[in-house]
Amino acid sequence: MTGLLIVVMLLGNGLAAGVMFSTVIGIVPMTLAQSYDRYVETIQFLWPRYDPFMPITHALTVVLDLALVVTVDDPTARALFGAAGVLLVVVMAISVIKNVPINRYVMSLDAAAPPADWERRDPRTRWRAWNLLRTGLAIAGLAANAAGAAALM
């Protein structure tokens, strides 16, 4: 049973970290180069696709990390799974507190008519900074989870 938990946990963490990394190297540079209307259209297309997937994947991974902390006997593996779970909770907190409000703001915009204060309120660089932080934490969580799995071998 522990083996199945580890496989599903690594799959979930790996998918989430991979999607976040692909956003850093592909989607963010693209959106930074786009005009207002194309940027808004892009986010309004992408966000409904990422939103249900990412929170579920991170939450599942955290739950599985907690289950592994409780069920494995190896103290090193337990500590690594616990650290990974904490890192992913921080990723989720950054998402909820910083990135999701920005996404909601962009979802509320009309692509055809930028707000008068767009130059001042353009959220792309703020979103990028928070996303880069949470991506690094998600990758660190994946590394901790992989090290925890390796400690059990």
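Scanning all heavy atoms of the two residues, the minimum distance from Leu5 to Ala67 falls at CD1-CB, 4.3 Å. Heavy-atom minimum distance, Pro29 versus Val24: CD-O, 3.3 Å. Listed here is the closest heavy atom pair of Leu88 and His58: CD2-ND1, 3.8 Å. Looking at every heavy atom in both residues, Pro101 comes nearest to Ser95 through CD-O, 4.1 Å. Contact between Gly148 and Ala77 at its shortest, heavy atoms only, is O-CB, 3.5 Å. Closest non-hydrogen pair, Thr76 versus Ala151, comes out as CG2-CB, 4.2 Å.
Linking Ile, Leu, Val, Met, Phe, Trp and Tyr residues whenever their side-chain heavy atoms come within less than 4.5 Å places Ile94 and Tyr50 in a single cluster. Connection of Leu10 to Val7 is not established within any shared hydrophobic cluster, with ILVMFWY side chains joined at heavy-atom distances below 4.5 Å, either directly or through further cluster members. Residue Phe53 is grouped with residue Leu11 when hydrophobic side chains (ILVMFWY) are merged at heavy-atom distances under 4.5 angstrom, including chains of intermediate members. One hydrophobic cluster, built from ILVMFWY side chains closer than 4.5 Å, holds both Tyr105 and Tyr39. Transitive grouping of hydrophobic side chains (ILVMFWY, heavy atoms separated by less than 4.5 Å) brings Leu64 and Val72 into a common cluster.
With a 4.5 Å cut-off on side-chain heavy atoms, Met54 and Arg134 do not count as touching. The side-chain heavy atoms of Arg124 and Arg128, taken from C-beta on, include no pair separated by under 4.5 Å. You'll find the side chain of Trp127 stays beyond 4.5 Å of the side chain of Val106, heavy atoms only. Side-chain contact check for Trp118 versus Leu109: some heavy-atom pair is nearer than 4.5 Å. With contacts defined as side-chain heavy-atom distances shorter than 4.5 Å, the pair Val91/Met20 qualifies. No side-chain heavy atom of Leu66 sits less than 4.5 Å from a side-chain heavy atom of Val62. Looking at Leu152 and Phe81, their side chains come closer than 4.5 Å, going by heavy atoms from C-beta outward. A heavy-atom distance below 4.5 Å is not found between the side chains of Trp130 and Pro123.
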Apply the test side-chain contact (heavy atoms from CB on, under 4.5 Å) to residues Leu142 and Phe21: give CA-CA distance (whole Å), side-chain angles for both, the deciding distance (0.1 Å), then the verdict. CA-CA 12 Å; Leu142 178 59; Phe21 184 71; over 6 Å; no

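The distance from the CE atom of Met107 to the CD1 atom of Ile102 is 14.5 Å, given to the nearest 0.5 Å. Atoms CE and CG, from Met153 and Asp74 in turn, are 12.5 Å apart once rounded to the nearest 0.5 Å. From Leu68, atom CG reaches atom CE of Met9 across 5.5 Å, with rounding to the nearest 0.5 Å. Atom CE of residue Met92 and atom CG of residue Leu137 lie 13.5 Å apart, to the nearest 0.5 angstrom. From Thr31, atom OG1 reaches atom CD1 of Ile43 across 5.5 Å, with rounding to the nearest 0.5 Å. The line from OG1 of Thr135 to CD1 of Ile25 is 10.5 Å long, rounded to the nearest 0.5 Å.
Residue Tyr36 places its OH atom among more than 12 non-hydrogen atoms of other residues, nucleotides or ligands, all under 6.0 Å distant.
Partner Asn13 forms a side chain to side chain donor-acceptor pair (under 3.5 Å) with one of Asn145, Thr57, Thr61 and no other, that one being Asn145.
Residue pairs meeting the salt bridge (Lys or Arg N to Asp or Glu O under 4.0 Å) criterion with at least one member in residues 33-62, sequence neighbours excluded, are Arg38-Glu41.
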